[in-house]
Amino acid sequence: GDSVTQMEGPVTLSEEAFLTINCTYTATGYPSLFWYVQYPGEGLQLLLKATKADDKGSNKGFEATYRKETTSFHLEKGSVQVSDSAVYFCALSGGGGSEKLVFGKGTKLTVNP
Amino acid sequence: DTAVSQTPKYLVTQMGNDKSIKCEQNLGHDTMYWYKQDSKKFLKIMFSYNNKELIINETVPNRFSPKSPDKAHLNLHINSLELGDSAVYFCASSPRDRNTGELFFGEGSRLTVL
């Protein structure tokens, strides 16, 4: 079945550091790919998405590019802030015609001032 | 104006009890979901309803029963609670367009079974 693998956390960075969170997927068909973010004590919210190969999703300084050849969707940000501290989830949907969203296990990011 | 609201936010109960968590969305979405998030933050879908009809039912014990009285509500009832049911339960909704993949989540209901 469809699956998403994210790098293990937790990740701890200093403010203004560069962030990469790796995500790879396994899916039949042509899935859409997503990054969701969960701030402490809140539900998940969509951060960015890409619906086809070579698409780049971007939001709030975060970017991720849908790479079909490497089945990857790595999340990057050039300069993180304390307010970016959260758990980040990579997810896919639509692989094999399924409507459900399949999540990775989440990566906790802590940014220190 | 909370888009997806769940109640209660916290629930502490004894093993063997029966409890319900309610969810309502005011976004006009056709599809609603229940996800379970365990202590390691792993999220797994439990159920999905589209316009009051069950469309996804993952391998979930039949002690869990979803009920959708209308397309704006999806409640979760749990019978004979067990310690392993302790988790945060998230309700979510999405528009009918299956390719958007964007889910709108509630704030979660933290269930603790003692």
Subject >> Co-membership, hydrophobic cluster, residues B:Y49 and B:I78, 4.5 Å side-chain >> reply: yes
Original post:
If you group Ile, Leu, Val, Met, Phe, Trp and Tyr by side-chain heavy-atom gaps below 4.5 Å, do B:Y33 and B:L111 land in one group?
Top reply: no
**OP:** Check whether more than 12 heavy atoms from other residues, nucleotides or ligands sit under 6.0 Å from atom NZ of B:K71, and answer yes or no.
**Re:** yes
Original post:
Out of curiosity, B:S48 OG to A:L101 CG, how far, rounded to the nearest 0.5 Å?
Top reply: 10.5 Å
Original post:
What are the two closest non-hydrogen atoms of B:K41 and A:F89, and how far apart are they?
Top reply: O-CE2, 3.2 Å
Original post:
Which region of B:K40, side chain (C-beta onward) or backbone (N, CA, C, O), has a non-hydrogen atom less than 4.5 Å from a non-hydrogen atom of chain A, or is it both or neither?
Top reply: backbone
Original post:
Are B:V60 and A:V102 joined in one hydrophobic group, where the rule is that I, L, V, M, F, W and Y side chains link up if heavy atoms are under 4.5 Å apart?
Top reply: no
Original post:
Can you say whether B:Q6 sits under 4.5 Å from chain A via the side chain, the backbone, both, or neither, judging by heavy atoms?
Top reply: neither
Subject >> Co-membership, hydrophobic cluster, residues A:V80 and A:L48, 4.5 Å side-chain >> reply: yes
Subject >> B:Y35-A:F103 aromatic ring centre distance below 6.0 Å >> reply: yes
**OP:** Give a yes or no on this: more than 12 heavy atoms of other residues, nucleotides or ligands lie within 6.0 Å of atom CD of A:E8.
**Re:** no
Subject >> Derivation and outcome, side chain to side chain contact (heavy atoms under 4.5 Å, CB included), residues A:L44 and B:L43 >> reply: CA-CA 10 Å; A:L44 281 74; B:L43 264 171; 3.3 Å; yes
**OP:** Specify the closest pair of heavy atoms between B:F42 and A:K105, including all atoms of both residues, with the distance to one decimal.
**Re:** CD1-CG, 3.5 Å
**OP:** Using a cut-off of 6.0 Å, state whether more than 12 heavy atoms not belonging to A:E15 lie near its atom CD.
**Re:** yes
Original post:
Could you give the distance from CD (A:E42) to CZ (B:F105), rounded to the nearest 0.5 Å?
Top reply: 13.5 Å
Original post:
Out of B:K44, B:R110, B:Q37, which one racks up the most heavy-atom pairs below 4.5 Å with chain A?
Top reply: B:Q37
Original post:
Within the side chain of A:Y36, is there an N or O that forms a donor-acceptor pair under 3.5 Å with the backbone of B:L103?
Top reply: yes
Original post:
With hydrophobic residues grouped by side-chain heavy-atom distances under 4.5 Å, do B:F90 and A:F34 end up in a single group?
Top reply: yes
**OP:** Supply the atom-to-atom distance B:E102 CD to A:K49 NZ, rounded to the nearest 0.5 angstrom.
**Re:** 6.0 Å
